[in-house]
Amino acid sequence: MRNAWTMTKMRMRLALRNRAFIFFSLVFPMLFLFLFLGLFARSNTSAVPYFLASVLALTVMGSFWGLSVQLVTFREQGILRRFRLTPVSAGAMLASSILSNYIMTLPTVIIEFVVARWIFHMVGWGNLWGIALLVTLGTVTFASLGLIVASVTNTMQETQMINQILWSAFLFLSGATLPLPMLPAWIQHVALFLPATYLVTGLERVLVGKVSALQIGPELLSLSVCAAIAFLVSQQVFRWEPEAKVSRRAKLWAASAIIPFLLLGVWESAEGNLRSTARTDYLSTERPSRITITPVK
Amino acid sequence: MVVYSMTASIIDVHNLTKSYGQVQAIRGVSFSVQEGEVFGLLGPNGAGKTSTVEILEGLRPADGGIVSVCGLDPQASGDAYKQEIGAVLQSTALPEKIRVEEALTMFGSFYGRHRESEGLLRRFGLEEKRNAFYSQLSGGQKQRLALALSLVNDPRVLFLDEPTAGLDPQVRREIYEIISELKREKKTILLTTHYIEEAEKLCDHVAIVDQGRVIAQGTPRELKQRSAGTTRIELRLVRPEPDEALSRLEGVSDCRVADGAYVIHSTRVPQTIVALVKYLEAQGNELSSLEISSPSLEDVFLELTGRRLRD
């Protein structure tokens, strides 16, 4: 535990000295914020919470890219094998990646809230407990997924390729960029199998509907299960050595990370009301735009 | 934790084997290292030195054989083992933006028993670089930091895998000085190298490794006894000559060709030189270079394998 905290502090220091990290964790989300709230919400204050939910989801999901690239870089440069000689465990190494990323994400989340409130005149703060829980569980889930990708790919090129595919799905099929109710019905069904969808709709509900943490129980439970399994799998597939090949066991573990999302998607398709709540939140947003978009039923 | 019965040696390797797919990297390597000695694994690239050391460090599992360091099994003893060893790896790095002092402090904090970073900075001449990023250090400074980090837990056994490879001669001498100092402190060191000078200068015992096997071992003096009573003459000719012809010259005990040079061992140097000059005159050939020296471990390797270490 002590080693994990030592590593966390070191990783935060390294991150703050890295211009690319500053750009992608602070500047880039701000660009999204001004784009979504300034352009899409326009001067409609009641639309601000809805689009803020998208921006927060994108900020949280950013840990997916950042951590996978960092882990592969550390492995390829032989940095991990130096730590392997010490009493630092794989769990401590991974936990420090996630914890440092989480701590570094919080200021961005707070700035996004403050900007939404003071510059874009968002009314109220939404349910802050619910938001805190979603941001926390979302970070652990997406960071762990990134760490899994880093461990089951052999080179940076492979990592970037897999990241691109998954990231595109998270971005465009979950409601993070295009509102879920606007997407074709079959895509909405596919979205139910993505962890990103539960994060986006959960944030929409606590920000737009201002529902309590209890009322987003299914989203929180889904993300909790996903976070726990993704972190467990990331430990199982973790590799210290650059030349160590991905074992068959690791591939099976990585494949097992998909199981909770499959079960979740099947359950949500049969019993859940995620699509209908997403539609309600979307329709409750007053839109002064002259362009009328009819949500897909 | 697996604890083996105590032996006189601090490192025991018996019949070690390791393969990577079809390639047999280690084929039954055995050796022992006594506490407080510097033991060298000398051999060319690809001889199996790094694989052997990485098994001892616990970074790789062996396929077969028995390995014991400080009475512990490197693969099964976990953190207790990591407290006992320090290592300079052949291929490793630190994060680019970590500062020198931060690295020493952080690595030290991982261990129950550790040395203060201030003392290590002073000892390794890194005081002025304490706030420098890792990426700003020269090759020699990075290697000095690697050595300092290997001592941060005050280990009983130190593994140095090619600690001077790729460094310029001046930096190499600095590293030799540091290792000599550790030797004076009676630190047990297992060193791998393909530099003859390094093995001769630093090691109490040397195992010569080639193609995954130990082909000879002993003190540098003992190993060089193989060529005792001879002098080494290395020469290059304008045109090649059959080495059998040179072997027949007066006083020559052995003649081999390596890298286009003829390495002759002679028991009577003046007679051999005179005979050589006469022979070359008769053949209408000429010397392009000639070097006379005492036999080294390089000659031992050449005798045993027919190849030079750098091949």
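Chain A is the first sequence line, chain B the second, and so forth, proteins listed ahead of strands; every chain is numbered from 1.
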Other residues, nucleotides, ligands: >12 heavy atoms within 6.0 Å of E96(B) CD: no
CG-CZ distance between N18(A) and R11(A), expressed to the nearest 0.5 angstrom: 12.5 Å
L171(A) backbone acceptor or donor facing T177(A) side chain under 3.5 Å: yes
Toward chain B: residues of residues 28-36 of chain A with heavy atoms under 4.5 Å: none
Expected output: side-chain D12(B) to main-chain S68(B) donor-acceptor under 3.5 Å: no
Gap separating the CG atom of L52(A) from the OG1 atom of T59(A), nearest 0.5 angstrom: 8.5 Å
N163(A) side chain vs S68(A) backbone, donor-acceptor pair below 3.5 Å: no
Over 12 foreign heavy atoms within 6.0 Å of CD, Q157(A): no
Contacts with chain A made by residues 139-150 of chain B (heavy-atom distance under 4.5 Å), listed by residue number: L149(B), S150(B)
D154(B) bridged to K187(B) by N-O distance under 4.0 Å: yes
Approximate separation, where rounding is to 0.5 Å, of F64(A) CZ and S144(A) OG: 11.5 Å
Basic-acidic side-chain contact under 4.0 Å: K186(B), E37(B): no
Minimum-distance pair of heavy atoms, taken over all atoms of T8(A) and A4(A): OG1-O, 2.6 Å
Row check, Y195(B) ring normal vs R172(B) NZ/CZ: under 6.0 Å, within 45°: yes
Part of R17(A) within contact of chain B (heavy atom distance under 4.5 Å): both
Under 3.5 Å donor-acceptor, D161(B) side chain and T192(B) backbone: no
Nearest-0.5 Å distance that lies between atom CZ in R75(A) and atom OG in S151(A): 6.0 Å
Side chain E102(B), main chain R99(B), donor-acceptor under 3.5 Å: yes
L89(B) versus chain A, the contacting section by heavy-atom distance below 4.5 Å: side chain
Residue part contacting chain A, namely of Y81(B), when any heavy atom lies under 4.5 Å: neither
Residues in residues 76-91 of chain A near chain B [non-hydrogen atoms, under 4.5 Å]: Q77(A), G78(A), I79(A), R81(A), R82(A), F83(A), R84(A), L85(A), T86(A), P87(A), V88(A)
Full working for side-chain hydrogen bond (donor to acceptor under 3.5 Å, both in side chains) between Q90(B) and T50(B): CA-CA 8 Å; Q90(B) 196 179 357; T50(B) 295; 2.7 Å; yes
Chain A contacts, top residue of I98(B), V152(B), T92(B) (heavy-atom pairs, under 4.5 Å): T92(B)
Distance, nearest 0.5 Å, that separates CD1 of I98(A) from OG1 of T141(A): 9.0 Å
Close approach to chain A in residues 115-131 of chain B, criterion heavy atom under 4.5 Å: none
Test item: Q75(B) side-chain N/O and R60(B) main-chain N/O as donor-acceptor pair under 3.5 Å: yes
